[in-house]
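Structure, as structure tokens:
In what follows, chains carry the letters A, B, and so on, assigned in the order in which the sequence lines appear, proteins first and then strands, with residues in each chain numbered from 1. Because the structure is predicted, anything quoted here is derived from the model rather than measured.
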There are 2 protein chains.
Amino acid sequence: MTVPLGESIRQSFERRILSGELAPGSRLPTEQEIMAEFGCSRMTVSKALSALTTAGLIERRKRAGTFVVRPRVHAMVLEVPDLAAQVAARGQAYRFRLHRRNEEMVQDGHLAGQRALHLGGTHFADGEPLAIEDRLVSLAAVPAIADADLAAESPGTWLLHHVPWTEADTRIFATGANPAEAEALGLNPGAPCLCIERRTWRGDEPITTVRQLFVASGYELVAHFGPGGAS
Amino acid sequence: MTVPLGESIRQSFERRILSGELAPGSRLPTEQEIMAEFGCSRMTVSKALSALTTAGLIERRKRAGTFVVRPRVHAMVLEVPDLAAQVAARGQAYRFRLHRRNEEMVQDGHLAGQRALHLGGTHFADGEPLAIEDRLVSLAAVPAIADADLAAESPGTWLLHHVPWTEADTRIFATGANPAEAEALGLNPGAPCLCIERRTWRGDEPITTVRQLFVASGYELVAHFGPGGAS
DNA sequence: GCGACAATTATGTATAGACATTATTGCGAA
DNA sequence: TTCGCAATAATGTCTATACATAATTGTCGC
């Protein structure tokens with residue numbers, strides 16, 4: 001038995017649901033009936049249904065039975081890899097240049113009232129500016145960053161390797177570069193750019209806020225939704 | 001016992017990991033030790049650890065034990081709600097105007113070699129153009145769209161309510177509006193726009209391809225990552 | 001010393017049974 | 001009719017046990 005029985009039960013119902021054989025809102029067989037169909041114990045059925053529940057495909061209601069959920073909003077998986085790795089994966093030379101680094105008391109936003117390290121820099125791919133970023137890192141949450149060598153490694157890469165986070169919000173929108181930004185990116189003012197603003201936390205504790213402005217022609221985000229969840 | 005024992009075990013280890021008490025790469029107690037700590041059976045411990053495994057917090061290796069995973073790439077959940085619903089949620093009046101509808105044989109791309117319905121239109125929020133879209137819908141996969149009333153409802157909304165899909169790819173990038181696009185959106189040529197290109201499938205069968213161009217000031221995408229997965 | 005093989009130890013999966021929980025259903029009384 | 005309560009049928013959780021599986025560890029032979 002290469003594939004576990006519980007897993008094959010899960011797959012069977014996943015297939016029936018995704019194919020439309022089991023329509024949204026329709027009732028699945030009872031656990032007793034599924035036991036009989038697959039010739040296994042109720043615990044095994046229950047575990048398979050629990051997995052489908054956490055995957056969001058079905059809903060279990062006591063006394064009433066188990067139902068296929070009706071489709072809601074699309075939730076897609078957005079991969080946000082490390083920028084240095086992503087540039088390297090395209091076969092380009094990656095470089096980061098830091099042009100601002102100072103400690104300050106943050107007045108507003110996500111890190112308001114905390115001492116933070118304020119970092120600014122430019123990401124280059126093959127010597128061409130790809131993006132500029134402006135970042136605040138909480139010194140309370142990440143004291144070690146005060147001693148980090150951020151000239152060699154971008155702050156994002158350093159944080160990714162040194163600081164685990166548990167929660168993040170990202171806003172993605174298009175905007176025109178203002179004169180200073182255009183200058184830094186080698187564009188004309190008003191040129192289209194992709195802007196990504198991200199705030200991260202570990203538990204309730206804010207870690208960092210970053211605003212990255214990408215040259216439109218040099219960057220795109222890719223999101224995927226598929227049966228496996230991620231792929 | 002309001003909270004199930006297995007769940008409290010799961011929470012206990014989640015807390016210890018997120019707080020850093022259990023560092024990435026470190027070994028958890030064996031299932032036997034956890035049994036003793038919580039005074040329960042091994043199945044209950046195993047179920048709690050299974051949940052943490054699917055949540056991606058720990059890794060279980062036979063013979064070796066259970067370990068806290070090291071942080072990897074960021075995978076965030078991108079909410080892609082229906083545009084009409086999203087505009088309505090902001091308290092604005094939503095309208096869609098269809099200005100192209102014809103059947104054609106698709107030459108290239110995702111739907112190459114299929115007969116498809118080619119649709120073009122504009123999304124308005126409070127009477128102002130918000131986005132233009134250009135869409136191909138496979139007539140083989142979705143024959144019913146030939147009879148749909150797409151003047152009242154946007155093609156995206158119609159598809160969302162009538163056609164389940166199982167797989168989708170999305171590209172997100174910034175671009176400048178070309179003269180025709182700028183005209184349709186009431187912008188100057190070259191003005192920054194957010195472009196979303198999406199291809200969807202049901203199983204192996206392509207359903208639709210769409211390119212949506214948003215006025216930069218009117219739209220942003222929001223992605224989230226958190227312990228709950230979605231929130 | 002060093003490689004191959006066996007023993008050990010840990011997780012992976014499954015069964016069978018028990019009791020808890022809870023929403024529905026139906027019946028009886030006001 | 002309608003309100004409320006009890007019976008019921010379904011899922012939720014847990015125990016105790018068994019065997020499978022796989023990687024590390026130790027040992028034996030060379």
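Residues B/I207 and B/H110 share a closest heavy-atom pair of N-CE1, 4.3 Å.
Mapping B/R42 and B/K47 onto DNA chain D by nearest heavy atom places B/K47 closer to the 5' end of the strand. Checking A/V45 against A/A64, the closest nucleotide of DNA chain C that is more toward the 5' end is the one next to A/V45. If you find the closest nucleotide of DNA chain C to A/R61 and to A/C40, the one lying nearer the 5' end belongs to A/C40.
Protein atom CZ of B/R63 is 7 Å distant from nucleotide atom P of C/dT9, rounded to whole Å. The CE atom of A/M35 sits 13 Å away from the P atom of D/dA10 (whole-angstrom rounding). Atom CD in A/E31 sits roughly 18 Å away from atom P in C/dA18 (whole-Å rounding). Rounded to whole Å, atom P of D/dA10 lies 6 Å from atom CZ of A/R27. Counting to the nearest Å, the P atom of D/dG12 and the CD atom of A/Q32 are 13 Å from each other. Spacing between atom CZ of B/R60 and atom P of C/dA10 amounts to 14 Å, rounded to whole angstrom units. Computed from coordinates, the A/M43 CE to D/dT17 P distance equals 16 Å when rounded to whole Å. B/I34 has its CD1 atom 15 Å from the C1' atom of C/dT9, to the nearest Å.
Among the atoms of the strands shown, only primed sugar atoms or phosphate atoms (P, OP1, OP2) are found under 4.0 Å from some heavy atom of B/T66. When heavy atoms are screened at a 4.0 angstrom cut-off, B/S41 is found touching base atoms of the nucleic acid.
In this structure, A/R61 forms a cation-pi arrangement with A/F67, its terminal cationic atom sitting closer than 6.0 Å to the ring centre and no more than 45° off the ring axis.
Judged by distance alone, with hydrogens and angles left aside, the side-chain atoms of B/R27 form a donor-acceptor pair with the main-chain N or O of B/A64 at under 3.5 Å.
Among pairs with a residue in residues 84-96 of chain A, those fulfilling side-chain hydrogen bond (donor to acceptor under 3.5 Å, both in side chains) read A/Q86-A/Y219, A/R90-A/Q92, A/Y94-A/H123, at least two apart in sequence or across chains.
No side-chain donor from either of A/R198 and A/T208 sits under 3.5 Å from a side-chain acceptor of the other.
Applying the 4.0 Å criterion to OP1 and OP2 of D/dT15, one finds that B/T44 has a side-chain N or O inside that range.
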